[in-house]
Amino acid sequence: MGASSGLGYFIKNYSDYADYTNVIAGIILIGIVVSVLNVFLSFAERRLIKWKE
């Protein structure tokens, strides 16, 4: 909450000015980033950890 940059700051800043279009865009962007990271880590887990199926 006390950051001066990043997506959290972006969302907090625009919510203070009641610009909810940008707030929703920031939340969606965080969701996309988390989803991409999840897919990447799942792929890496399958490739690197042989005993796990």
Side-chain angles (χ1 to χ4, degrees):
M1 295 303 283
S4 60
S5 64
L7 286 174
Y9 175 76
F10 177 85
I11 292 171
K12 176 74 171 93
N13 185 41
Y14 282 108
S15 69
D16 289 345
Y17 294 111
D19 188 357
Y20 297 116
T21 304
N22 283 335
V23 172
I24 296 298
I27 291 170
I28 290 170
L29 184 58
I30 288 175
I32 291 169
V33 169
V34 169
S35 296
V36 167
L37 286 173
N38 190 26
V39 167
F40 174 73
L41 288 176
S42 294
F43 174 75
E45 181 182 28
R46 283 191 310 251
R47 297 282 292 157
L48 298 174
I49 303 175
K50 299 295 183 187
W51 64 86
K52 199 166 187 181
E53 293 185 47

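Atoms considered below: every heavy atom in the structure, side chains included; atoms not considered: hydrogens, waters and symmetry mates.
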The single option from I49, L48, L41 passing side-chain contact (heavy atoms from CB on, under 4.5 Å) against E45: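 Answer after filtering I49, L48, L41: I49.
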CD1-OG distance between I24 and S15, expressed to the nearest 0.5 angstrom: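 Interatomic distance, I24 CD1 to S15 OG, rounded to 0.5 Å: 10.5 Å.
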Point-to-point distance, once rounded to the nearest 0.5 Å, from OG of S35 to CD1 of I28: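 Here the rounded value is 11.5 Å.
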Hydrophobic cluster identity match, V34 and I27, side-chain contacts under 4.5 Å: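 Yes; I27 is reachable from V34 via cluster members.
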Selection residues 15-43 - residue pairs positive for ring-ring contact (aromatic ring centres under 6.0 Å, His included), sequence neighbours left out: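 Qualifying pairs: none.
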I30 and I11, any side-chain heavy atoms less than 4.5 Å apart: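 In short, these two side chains touch, coming nearer than 4.5 Å.
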Non-neighbouring partners of N38 that pass side-chain hydrogen bond (donor to acceptor under 3.5 Å, both in side chains), sequence neighbours left out: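 side-chain hydrogen bond (donor to acceptor under 3.5 Å, both in side chains) list for N38, sorted by chain: empty.
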Considering all heavy atoms, the nearest N22-Y14 contact: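 In terms of heavy atoms, the two residues are closest at ND2-CE2, 3.3 Å.
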